[in-house]
Each structure stands twice: as structure tokens, then as C-alpha cells.
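In this text the structure is predicted, and so the values were computed from the model without any measurement.
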Amino acid sequence: MWSGQPHPDEGHPPPLEAVPVPWKSVGPCKSHRESPRGLAETSGGEEGPAAAQLDVLRLRSSSMEIREKGSEFLKEELHKAQKELKLKDEECERLSKVREQLERELEELTASLFEEAHKMVREANMKQAASEKQLKEARGKVDTTLFAEFQAWRESPTLDKTCPFLERVYREDVGPCLDFTMRELSALVRAAVEDNTLTIEPVASQSLPTVKVATVEFGSTNTCALSGLARACRHRIRLGDSESHYYISPSSRARITAVCNFFTYIRYIQQGLVRQEAEPMFWEITRLRKEMSLAKLGFFPQEA
């Protein structure tokens, strides 16, 4: 309604009355009056996507670098393993060749040994056959009288030199072998040999005096007491319990030794220490008689 009186604000709209409105927060206001912290947050919010993208790129680059290095490391290890495997294959091949070579050599050696063994067996059989043939021939040529005398002595062995067997040996071998120039000393030596009381010992290399206390030396190291000849005497003999020594030459020693070997063997037979058939015994005695004959003629080993 109009009162008819002019209104001081005539021509302007009437003022709004203050109407209370309830307050409600609608989020942060983008006003220039925001605090510096808000501005910083706003600024940071605008740069976040670019930094995250840069971080992703860096992670991708680092991952690729790691994969490349890992791939290179694996390649190196693979190459190293392949190289070692190749070396081992070469070594295995070399060892295989060596084994094959050794096997071939072993086979050849075995075959050679078998061949040599068969050859030796054949030769041994041939020699044995030849020896048996010679033995049969020799047995066929044996003086039946000598063998009969030995068999008779073997049935009742004795050292009595009057029995036919020993009487022949004394006459044909022992007597001539011990028949030296010095007759008296020869008889003493023969008696000592028969009694098994003769001793032969080597002479020391240094020169010995000709006379010792309670010991008389006959001859010298330059003269044989049995032959009387000037010889280098490397041995001396002693008869029984006598303290006397006689220097003898190598030839005289060989003759005495041959006779002593014969008497030693027949003593073994008499004592029952030789357990053989009659023929092997007879051939051994024949060999010992041969040694006496050779020594009597001056054939003896140089070491005598």
C-alpha cells in the first residue's frame, strides 16, 4: 500500500531483510584469502602427475638396466660353462684315447707273454726230452761193474777203503789228486781228509809274520807248502788240533777241496741224509770223481 508520502529511497528497490540462513561447508574455497599452506598444497597438486610419470620412467630405465646386466652376466656364465664343458669333453676324449691305447698295448703284451711262455714251455720240453734221451744213452753205456760195486756199497755204506767201490775211487781219483811233491805232508793231508779234521782258511791280505807265539808257520805266502813252487798263497791249512799252518796255492786248494767234497757226500749217504734212488746217487758220485780228475790236471775255478 502506498501511504502517499514519498519514500526516501524512492526509485531503489527496498532493502532485503536479513534472513538467517543455516551454514553448510561446501569444501575449500578457492579465494585469494587462502592460507599459504593451502597455496602450497594446490601448487603441489598441480605438479604430482609429472613427478609420478618421471618416477615411472626412472623405474622402467632401472629395470631395463638390471635386466640387461643380468642378461650379460648370464651370457658370460653360460659362455664360461660351455667353455668348461668343452674342456672336459676334450679331456674325456683324450683319456678315452689313452685308455684305448693302453688296452691295445695290454692285449699285445698279453699275447706276447703267452707266446713267449708257450715258446719257453716247448723249449723246456724239448730240452727235457733231449736230456732224458742222453740219460738213457748214458745209462746204457754205464759200466755195469762200477754200478754193481756202488750198489753193493750202498746196501751197506762204509768208509772202509778196502771195499771194492772205495778201493777203486782211492786208486783212480783220491790218491792221484792228493799226491803232492812234498810226500810227507801229502800223507798227513790225506789222513786229515779221511778223518775229516782238515781246516782250510783264507790268509789275511796284510803280510803275516813267519813265526807267532805258540804257532809255527811253514813256508810263506809266496811258496806252496805242498808243491814247493813259488805261488801266491791266499789260503792255509791246519791238520787236526795242531797249531801249525801251511800255506797252499790255489791249485793245491782246488785238489784238496775236490777230495773233501767227495768224502762229504759219501758220509751223507752213510748217515742216511741222502734219500734218492741208486742211479741219481751214482751219477752224483761220478760227477764228484770228474771234479777230482779235473783238479788233478790243474783245471779249477779262478776264485780258488
Side-chain angles (χ1 to χ4, degrees), residues 138 141-201 218-219 224-229 231 233-242 244-274 276 278-304:
K141 297 178 182 179
V142 171
D143 190 332
T144 55
T145 302
L146 293 177
F147 189 66
E149 290 176 353
F150 170 72
Q151 281 188 314
W153 175 84
R154 179 174 174 269
E155 292 177 359
S156 181
T158 177
L159 298 180
D160 185 4
K161 56 187 177 183
T162 61
C163 71
F165 169 68
L166 288 183
E167 190 276 330
R168 180 187 295 275
V169 176
Y170 265 89
R171 183 179 70 254
E172 296 178 358
D173 303 305
V174 175
C177 198
L178 296 181
D179 186 15
F180 295 99
T181 304
M182 302 301 176
R183 301 287 183 177
E184 184 178 353
L185 183 57
S186 297
L188 295 174
V189 169
R190 177 171 171 173
V193 170
E194 293 174 357
D195 297 337
N196 197 24
T197 59
L198 183 140
T199 303
I200 302 177
E201 57 189 17
F218 291 84
C224 178
L226 288 170
S227 65
L229 300 176
R231 296 288 186 271
C233 302
R234 296 192 296 270
H235 293 82
R236 63 184 185 179
I237 59 175
R238 183 163 55 86
L239 308 177
D241 297 331
S242 174
S244 302
H245 293 81
Y246 303 89
Y247 292 105
I248 58 174
S249 64
S251 176
S252 298
R253 175 180 179 268
R255 292 166 67 175
I256 296 173
T257 302
V259 176
C260 288
N261 289 339
F262 169 77
F263 276 101
T264 298
Y265 187 69
I266 63 173
R267 287 192 187 97
Y268 285 164
I269 296 176
Q270 182 192 28
Q271 296 169 7
L273 300 177
V274 181
Q276 288 180 328
E279 288 188 5
M281 288 185 184
F282 179 76
W283 287 115
E284 179 61 18
I285 288 177
T286 302
R287 186 189 68 81
L288 293 171
R289 293 184 65 185
K290 175 184 175 182
E291 295 296 326
M292 287 189 284
S293 299
L294 292 175
K296 177 183 62 178
L297 296 174
F299 296 99
F300 56 90
Q302 294 297 324
E303 61 269 15

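Distance check, rounded to the nearest 0.5 Å: CD1 of I200 to CD1 of I248 gives 5.0 Å. Rounded to the nearest 0.5 Å, atoms CD (Q276) and CZ (R154) are 9.5 Å apart. To the nearest 0.5 Å, the span separating OG on S251 from CG on L297 amounts to 10.0 Å. Here D195 contributes atom CG and F263 contributes atom CZ; the two are 9.5 Å apart, rounded to the nearest 0.5 Å. We find the OG1-CG distance between T264 and L273 to be 11.5 Å, quoted to the nearest 0.5 Å. To the nearest 0.5 Å, the span separating CD1 on I269 from CD on E284 amounts to 8.5 Å.
When all heavy atoms of E291 and A258 are compared, the pair lying nearest together is O-CB, 4.0 Å. Closest of all the heavy-atom pairs between M281 and V274 is CE-O, 3.3 Å. When all heavy atoms are compared, the tightest approach of F180 to S252 is CE2-OG, 3.7 Å. Of all heavy-atom pairs spanning Q151 and A278, the tightest one is NE2-CB, 4.2 Å. Nearest heavy atom pair, residue C224 against residue S249, reads SG-N, 3.4 Å. Nearest heavy-atom pair, S186 versus L178, reported as atom, atom and distance to 0.1 Å: CB-O, 3.6 Å.
Taking the side chain as every heavy atom from C-beta outward, E149 and E167 never approach each other to under 4.5 Å. A 4.5 Å side-chain heavy-atom check between F262 and V169 finds at least one atom pair inside the cut-off. In this structure, the side chains of L239 and L185 come closer than 4.5 Å at one or more pairs of heavy atoms. Contact check for W153 versus I266: side-chain heavy atoms found under the 4.5 Å cut-off. Counting heavy atoms from C-beta on, the side chains of V189 and R255 never come closer than 4.5 Å. Annotation: side chain of I237 is not in contact with side chain of T199 (no heavy-atom distance under 4.5 Å).
With a 6.0 Å radius and a threshold of 12 heavy atoms from other residues, nucleotides or ligands, D241 has its CG atom at or below the threshold.
Taking the ring-ring contact (aromatic ring centres under 6.0 Å, His included) definition, one finds that F150 meets it with F165, F282, sequence neighbours left out.
At distances below 3.5 Å, not a single donor-acceptor pair connects side-chain atoms of D179 with backbone N or O atoms of G175. Of the possible polar contacts, none joining the S156 side chain to the A152 backbone as a donor-acceptor pair under 3.5 Å is found.
Stacking of R287 on the aromatic ring of Y265 is not recorded, the 6.0 Å distance cut-off and the 45° axial limit not both being met.
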Legend entry - side chain to side chain contact (heavy atoms under 4.5 Å, CB included) between R234 and R253, intermediate numbers included: CA-CA 9 Å; R234 296 192 296 270; R253 175 180 179 268; over 6 Å; no
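Exactly one residue among R238, R236, H235 makes a side-chain hydrogen bond (donor to acceptor under 3.5 Å, both in side chains) with E201. That residue is R236.
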